[in-house]
Amino acid sequence: MDIRFVRPEEVQQLARNVVTSFPSKTPPELLANMESELHTPEEGRYLGCFDDDGTLIGSILMMDFSFNVRGVMVPMGAPAYVSTNFLHKKEKIACTLLKVMMGYYAETGVTIGCLHPFNPAFYGEMGYGYCNEYSFYSPKPCYIHSFGDKSGLSYATEQDRDEILELYRRYARRTNGATIHPFMDPYRIFQQPYVVVCRRNGKITGYLTFEFVEVDHYTDMYHDLLVHEMVYDDLETLQQFMTFFASQTDQIDRVRIFSTDEYLHMMFTNPDSGENRAHDGAIQEIGRRVMGCMVRIFDVAGYFKQQTHCCSPVSRKFTLALDVKDSFQERNNKTFYLEIDSMTVTLRQQAHADVTLTTDISDLSSVVIGAYPLKQAVALGRIRISDPSYLADIQNAIGWNEKPVNVTYF
């Protein structure tokens, strides 16, 4: 067995490997660009696993992002199109590739990574924990608040491209959990059929992307409006977007919105999803929680050399023994000592611990990114703490009080 980056002359094997793993979800553009990507990577690098005869039996697209972790932009590694040769399923090939990928990133100074899971349990066994969530809303236009003004809205033009991308990058730099990728960001935004911008005082203050979706009616006059992404700088911009949605009562049945805002239903007078999923005869479904990406620390020591700040000041100086269980990366499968004082976290080689936290790498990864608070992980038995009186201080030291937000995919 040989694990190395795929060569351009092996493109046909790679394409077959990806298509048979994702038969209905492989974008034609990915296949069209695959050979050029093997020559000059822009989207990412393909890591392959080959048998003794040189046949490709597994592959991963390794993508390099910048990742906002607790307010700090750091390098992030993301596997995509994790694929196993159709004739070699259940032979631990994907696990082997992911283990090699994690080690490669850790050795090159990339301490953390994300992925979009086809099966959270599968990647949970490899140390990935929950990260961000979306909310999916589908109100009728007549039940969306109209604020009377959408004068700043227009379709995006080619001349708006750089300003839209810069707006997104500013958003990512201030948003925990957001990512930046030079290739994927423009592809993600501008591949959509329609991109709408809000321009106020000569400056773009937000954008949204949408497409039309057929609905099951007796007439073809109605469609749903599916909003993939909505980024905005301020309330007035959001209000203009809502006014735009509210004005679509004559042709749009429902506005389907993928949103990172779990409170967006406050913009609807009736947030009922239309799925007829009432409970006890009257409790209506107003939206769905949708899983986003998963997160994993590749190198715990390296991570805490980058993340040396607390979310909030701790109430006392103390030393935390972080007892980490990681069956995939031996470098992490040990106890780490963190000295915490005021707003600073310092990694120590060895120290007397005041409190011990015992955790799987997956739960640690989720807690540090802010996917859920430490107290919930402890209450549900996912993480153990030797002295609960330190719980709030540990949360302030290594956790984060803003949930991660991410609108991209990889």
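This chain uses plain numbering: 1 for the first residue, then up along the sequence.
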Verify whether the ring centers belonging to Phe268 and Tyr137 lie closer than 6.0 Å.
yes
Less than 4.5 Å apart, side chain to side chain, heavy atoms only: is that true for Leu61 and Arg45?
no
Quick check against the 3.5 Å criterion: does Gln307 have a side-chain atom that pairs as donor or acceptor with the backbone of Val69?
yes
Side chain Asn332, main chain Val300, donor-acceptor under 3.5 Å:
yes
is_close_aromatic(Tyr409, His116), centroid dist under 6.0 Å:
no
Of the non-hydrogen atoms in Ala246 and His145, which two are nearest, and what is the gap between them?
CB-O, 4.1 Å
Looking at Leu31 and Ala15, what are the two nearest heavy atoms and their distance?
CD2-CB, 4.0 Å
Taking every heavy atom of Cys198 against every heavy atom of Thr237, the minimum-distance pair comes out as CB-CG2, 3.7 Å
Check step by step if side chain to side chain donor-acceptor pair (under 3.5 Å) holds for Asp64 and Tyr105.
CA-CA 10 Å; Asp64 299 324; Tyr105 275 129; 2.9 Å; yes
Can we call the ring centroids of Phe118 and Phe122 under 6.0 Å apart?
yes
Is the shortest side-chain heavy-atom distance between Phe304 and Thr308 below 4.5 Å?
no
Distance, nearest 0.5 Å, that separates OH of Tyr46 from CG of Leu14
5.5 Å
Over-ring placement of Arg289 relative to Tyr134, 6.0 Å and 45° cut-offs
no
Given the ring of Phe244, does Lys150 sit roughly above its face, with NZ or CZ under 6.0 Å from the centre of the six-membered ring and within 45° of the axis?
no
For the residue pair Phe210 and Tyr194, is the inter-centroid distance of their aromatic rings smaller than 6.0 Å?
yes
Are any non-hydrogen side-chain atoms of Leu357 and Arg384 less than 4.5 angstrom apart?
no
Look only at the side chain of Gln395 and the backbone of Leu374, and say whether a donor-acceptor pair between them is shorter than 3.5 Å.
yes
Run Glu285 and Ser273 through side chain to side chain donor-acceptor pair (under 3.5 Å) and show every step you take.
CA-CA 6 Å; Glu285 178 185 271; Ser273 69; 2.9 Å; yes
